[in-house]
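Accompanying notes for the structure given below.
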Amino acid sequence: MASERRYDPVTGQYTTGHQWDGIEELSTPLPRWWVISLVVCFIIAIIYAFLYPAWPTTKTYYTGLLGWTSHSELAEYQTEARAGQAHWREQIAANTVGDIAASDDLRTFAVAGGKALFNENCAGCHGIGAGGQQGQFPSLIDDDWLWGGTLDDIYQTVTHGIRNTDESSRQSEMPSFKDMMSEEEIAATAKFVLAMSDTSVSAETRNAMPGAELYTNNCAGCHGAEGEGMRMMGVPALADQIWLYGETEEAIRNQIVRPKMGSMPAWGGRLGDDAVKMLSVYVHSLGGGEK
Amino acid sequence: MHTHASTALGHASAQRAPRTGTPHAATGRFRQVKTALTVFLLGLYYIVPWVRWTRGGESSQAVMFDASAQRFYFFGLEFWPHDLPLLLGLLIFSAAALFFVTSLFGRVWCGFACPQTVWTDLFFAIDRRVDRMLGRDHPLGQWAKTGVHVVVAIFTGFTFAGFFTNIVELGPQFISGQASIVAYVTVGVLTFTTYTLAAHARENVCLHMCPWPRFQAALLDPESLVVTYQNWRGEPRARARVPLRPEIATLDSSAYIMPRVATASVAGSSAATTYRGDCIDCGKCVSSCPTRIDIREGLQLGCIGCGLCIDACNTVMERIGRPHGLINMAPELSSVGGCAGKSGRIRLFRAKPMFFASIMMVTGSAMAWALATRSDVNAAVEHQRQPPFVKLSDGSIRNDYTLRFSRLGVHDSNVEIRVEGLDGAAIRLSNSAQASFTQGARRSFSDRVMVTVPKGSVPKVRVPIAFVITDRETRAPVARLETYFWGPGGVR
Ligand code: SF4
Ligand code: SF4
């Protein structure tokens, strides 16, 4: 196999001396530019390893001369992004929710920001599209509001929440009528309540129902003589088509016996006032917002 | 073909004239065409960004890729990102045109119009001019050349950036250091590439980097006109004092048409030792070749079809009193006295060129049609799926949609939206009770659109509807967008 290295006049190179069936191998040197690039790469790699975190040590790691971390890089990006939005954020801070919604540019910014905030913080209960969840969390895009649907109402609700420990939280409680009414009375009341929202039942027929008087005595105080509800106290309207906890007679009976009432955390302290303003403007823009 | 390639790349060094970095200047018809084209193309490149155009009452740039606004302006035309298919059409058309021309005339693109060729030619001209002014061996010659190269490269890079921003404003900003980082990087990169490719790499781009030579052979056919050394006429080569072969002495066919001497014998059939062909082996064709190849070895990978060797050789032929066309544009086979095609004529209507021409026709007319019927409106409506519908307190059902709307041109849009295909439907935007809006020119409108149907007429399942957008002033329909309205039953 091995023979003498020889000079090959055609290529101007020496052979390696290897030979297979008369086929020889040239020992053409690597191109100079290639070798230089390789060496430069090595040098860069070494410099790099000193500048950036590169080696583990027994307990921690070598942090590099530049002190770079991916975390600090992220923080930098965030600071930059915040600085870019500073102009808008200042205006959000300086204006009331009403003013924000009245200005086209500010509203656009608030709706975009509010959407991101909503998906992160609120969608868990109210759903990505704010459609709510039957039996649990109210829809925020319909026109039925428990605690009011103006910008200020929404802002107040989001800031302080509902039935929680916040001092200004929305508070109210529906009593259980389990011990105050007999089962028959409860059933009759439920029937009457259902009829209130049934537009095909005339007022006369309804008022002649046995539950009519029971309703007037026990329920009308809060839910209103015509079932219109009372937003001050978060009392749902009964004469409309929206039933958070179900529109069957059984569901209504259950609600009279073991009332379910939602609660919501106060977001003002968690997210800050600006975020709550943006959230409120966003929720208000979803279709149910009231003037 | 392998031998051709290897001679083009390796062997040429043995034969060509000492390399000065710049080939000898040739004069003749090809040189004139090439110069004219170079001046025209470079002129286009350097001047077009400076052309102003009034757009929407404001003075603006006639040709500009506005990256930040995602617009491309071309004189009176304005393109948006959704016009991208037109770009695709243009690219297909250009490729077909390139193939078409190549199948007829070989690599005229390479020889005359390719940016690599055009800028290299410009830099050759600079080198020659400096040599003429300072003398060939002036110690500062290379410095002077490099200086001019760098200045031209910077200006080239600057002009390139000028296609993406207002070049009139860019100038002062650039010099005073106030232009954006992106502008400096763009100018820097283009300066670097121009300088390295045109001042240093030159023909090596054509020989080693460019993929085009590798498959151009597939586009040629036996009748394609390519730069061809007429072997039957030129061989054997010898010094001028050697007498000419008698059978070609009477040759008078001149210039660029294919000779009809189909019976000519090749390579000195008659007493090669005492007679010569037309080639006096002066080497002018090699020394004037920008890729440093010897065309006398036949059609080869390194030849960019610039025709400068034709000019050089024709000059020599004139000097020794022989007809033009020892090197000419002719079918490759003519070189050995062969005929092109069955009839011996060069036909225009042949399979390959016609195939490419038909692609050009199809894409060209499709693009013309698309451009002519191009809608100036870009509108889309998207149904909100979370939740697909909302029940309101009076029992009516509402569906929400996201509408996006933008319109070409310089005028504000004042439009209104109607719903078609849904009885009793009311439509409104998120922040108003109406469904009309005014949108400033060149801005996109996007909003939540709500369609409510009263309890009595709510469809049970999903039904197709359409949004009709009309101009409020002219009452003209602007767009019609089809979508669905979801009833409580969902999809049937
Ligand atoms: S320029 Fe013409 S005559 Fe001179 S070597 Fe080339 S082919 Fe022969
Ligand atoms: S061989 Fe002739 S046509 Fe081809 S590149 Fe050289 S000078 Fe141009």
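Remember, it's a predicted structure, so these values are computed and weren't measured experimentally. Here is the naming used below: chain letters follow the sequence lines, and residue numbers restart at 1 for every chain.
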Checklist entry - Does the side chain of A:L286 reach to within under 4.5 Å of the side chain of B:R448, using non-hydrogen atoms? => result yes

Checklist outcome for this item: Separation between OG (B:S393) and CH2 (A:W145), nearest 0.5 Å, reads 11.5 Å

Checklist entry - In Å, rounded to the nearest 0.5 Å, how long is the span from CD of A:E247 to NZ of B:K391? => result 4.0 Å

Item to check | Within 6.0 angstrom of A:E226 CD, more than 12 heavy atoms from elsewhere | outcome: no

Next on the checklist: For B:F445, I'd like to know if atom CZ has over 12 heavy atoms of other residues, nucleotides or ligands within 6.0 Å.
Outcome noted: yes

Item to check | Region of B:D394 that comes under 4.5 Å of a non-hydrogen atom in chain A | outcome: backbone

Item to check | Point-to-point distance, once rounded to the nearest 0.5 Å, from NE2 of A:H284 to OG of B:S430 | outcome: 10.0 Å

Checklist entry - What distance do A:S285 atom OG and B:L429 atom CG have between them, rounded to the nearest 0.5 Å? => result 12.0 Å

Next on the checklist: Surrounding OH of A:Y7 (heavy atoms of other residues, nucleotides or ligands, distance under 6.0 Å), is the total greater than 12?
Outcome noted: yes

Item to check | Among the listed options A:D240, A:I128, A:D143, A:D142, the residue most often paired with chain B at heavy-atom distances under 4.5 Å | outcome: A:D143

Item to check | Residue among A:I141, A:D104, A:T199, A:V111 with most heavy-atom pairs under 4.5 Å to chain B | outcome: A:I141

Checklist entry - Around atom CD of A:E250, are there more than 12 heavy atoms of other residues, nucleotides or ligands at under 6.0 Å? => result no

Checklist entry - Any idea which heavy atoms bring A:G129 and B:P387 closest together, and the distance? => result O-CD, 4.1 Å

Checklist entry - Relative to chain B, which segment of A:T108 carries a heavy atom at a distance below 4.5 Å: side chain, backbone, both, or neither? => result neither

Next on the checklist: Can you tell me if A:E204 has over 12 outside heavy atoms packed within less than 6.0 Å of its CD?
Outcome noted: no

Checklist entry - If you count the non-hydrogen atoms of other residues, nucleotides and ligands that lie under 6.0 Å from CG in A:L30, is the total more than 12? => result yes

Item to check | More than 12 heavy atoms from other groups under 6.0 Å of CZ on A:R32 | outcome: no

Checklist entry - Checking A:A239 against chain B: side chain, backbone, both or neither under 4.5 Å from a heavy atom? => result neither

Checklist outcome for this item: Note: vs chain A, highest number of non-hydrogen pairs under 4.5 angstrom among B:Q384, B:R385, B:Q386 is B:Q386

Next on the checklist: Atom CE of residue position A:M261 - does it have more than 12 heavy atoms of other residues, nucleotides or ligands inside 6.0 Å?
Outcome noted: yes

